[in-house]
Amino acid sequence: MLAMALGVVLGLVLALMRLSHNRILSTISAVYVWIMQGIPLLVVLVVIYLGLAAANIYKFQNVHAFGLVVAGSVSAAIVGLTMNNGAYVSEIIRSAITAVPEGQAEASKALGHTGFSSMRWIILPQAVRTMIPPLGNQFNTLMKNTSLLSIIGVSELFLVTQAVSSATFKTFEIFLVTGIYYLLLTTVWTIVQNEIECHLSRQLGIPAQSMLHKAFFAIASVFSRKSGKAAKAAPSPALNSSESKEA
């Protein structure tokens, strides 16, 4: 969650730099995105945690904060995930901003808004609805990429799974459970993402039904059909009484 939040902040900064009329800022952003998207995340993590220490540039140490001890590998993982995630998020935000009609920016300037004010109050609110679906997919990708953190010694789910598998020799069962756990995590976030999308659509006056609403309606219709069939199959009390009289 922290890496995703920091990645969104970094992505927003990179996107604004890329859209800037300043060629230096635009070039820096473009080069950064090109490098981060071209290098695998696994390589980025190894370079940040092991490469920098081997080159005597920087070594991540344990950090004490609020009575907790954050391992150096965890700090390196957060930095690596943020750097990688920020590059992809910047392209998502940039695409969403450019999708807003140019007339919106021109109209805001005509009303007296500055460039920052126009972006803050006019452009970004309209772009948010466009960027929610790809941002949700990127968050799912980030959650699955946490399995790569085991390479730098972070005790996350995949590393724990490997340890349990080595101790119990039940490789198939253990990794199957891990896969189901990742599936549940991504499914929960997909539902949350869908709720956010529907909420934004309803704010714009667009009717939208969320996945939970559709699922609840489907389940309710199935039970209503079953109860209807059971009522039809049950013998009528009046019919039973007439049959007993004839007998």
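- At a threshold of 4.5 Å between non-hydrogen side-chain atoms, the residues Leu19 and Thr98 count as touching.
- Residues Phe60 and Gly72 approach most closely at CB-O, 3.4 Å, considering heavy atoms.
- Here the straight-line distance linking atom CD1 of Ile152 with atom CG of Leu45 works out to 5.0 Å at 0.5 Å rounding.
- In this structure, CG in Leu81 is found 10.5 Å from CG in Leu6, a value given to the nearest 0.5 Å.
- Taking each heavy atom of Val33 and Ser90 in turn, the nearest pair found is CG2-OG, 3.4 Å.
- Here the CE-CG distance, from Met17 to Leu12, works out to 11.5 Å after rounding to the nearest 0.5 Å.
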Report the C-alpha distance between Val89 and Leu14 in whole Å, list the side-chain angles of each, state the deciding distance to 0.1 Å, and finish with yes or no for side chain to side chain contact (heavy atoms under 4.5 Å, CB included).
CA-CA 9 Å; Val89 170; Leu14 290 172; over 6 Å; no
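- Legend: side chain to side chain donor-acceptor pair (under 3.5 Å) pairs involving residues 9-35, not counting sequence neighbours, sorted by first then second residue: Arg18-Glu91.
- Taking every heavy atom of both residues into account, Ser150 and Leu159 meet most closely at CB-CB, 3.8 Å.
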Working for side chain to side chain contact (heavy atoms under 4.5 Å, CB included), residues Val8 and Met4
CA-CA 6 Å; Val8 170; Met4 183 63 189; 4.1 Å; yes
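- Every residue two or more places apart in sequence or in another chain that forms a side chain to side chain donor-acceptor pair (under 3.5 Å) with Thr171 is listed here: Ser165.
- Taking both residues in full, the closest heavy atoms of Leu42 and Ile151 are given as CD1-CG2, 3.3 Å, listed atom of the first, atom of the second, then distance.
- The two atoms that bring Phe175 and Gln162 nearest to each other are CZ-CG, 4.0 Å, heavy atoms only.
- How far CG of Leu183 is from OG1 of Thr190: 9.0 Å, rounded to the nearest 0.5 Å.
- A donor-acceptor pair under 3.5 Å links the side-chain atoms of Trp189 to the main chain of Gly136, judged by distance alone.
- For the pair Tyr182/Met143, no side-chain contact is recorded, criterion being any heavy-atom separation below 4.5 Å from C-beta on.
- Note that the CD1 atom of Ile191 and the CD1 atom of Ile196 stand 12.5 Å from one another [nearest 0.5 Å].
- Checking side-chain atoms of Gln126 against main-chain N and O of Ile122 turns up a donor-acceptor pair under 3.5 Å.
- Listed by chain and residue number, Ser108 satisfy the side chain to side chain donor-acceptor pair (under 3.5 Å) test with Ser118 (two or more places apart in sequence, or in another chain).
- When all heavy atoms are compared, the tightest approach of Val154 to Ala77 is CG2-CB, 4.1 Å.
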Please determine whether side chain to side chain contact (heavy atoms under 4.5 Å, CB included) holds for the pair Tyr49 and Tyr58, giving the CA-CA distance in whole Å, both sets of side-chain angles, and the decisive distance to 0.1 Å.
CA-CA 9 Å; Tyr49 185 60; Tyr58 183 78; over 6 Å; no
What do the steps show when you test Val177 against Glu173 for side chain to side chain contact (heavy atoms under 4.5 Å, CB included), and what is the final call?
CA-CA 6 Å; Val177 172; Glu173 294 88 345; 5.6 Å; no
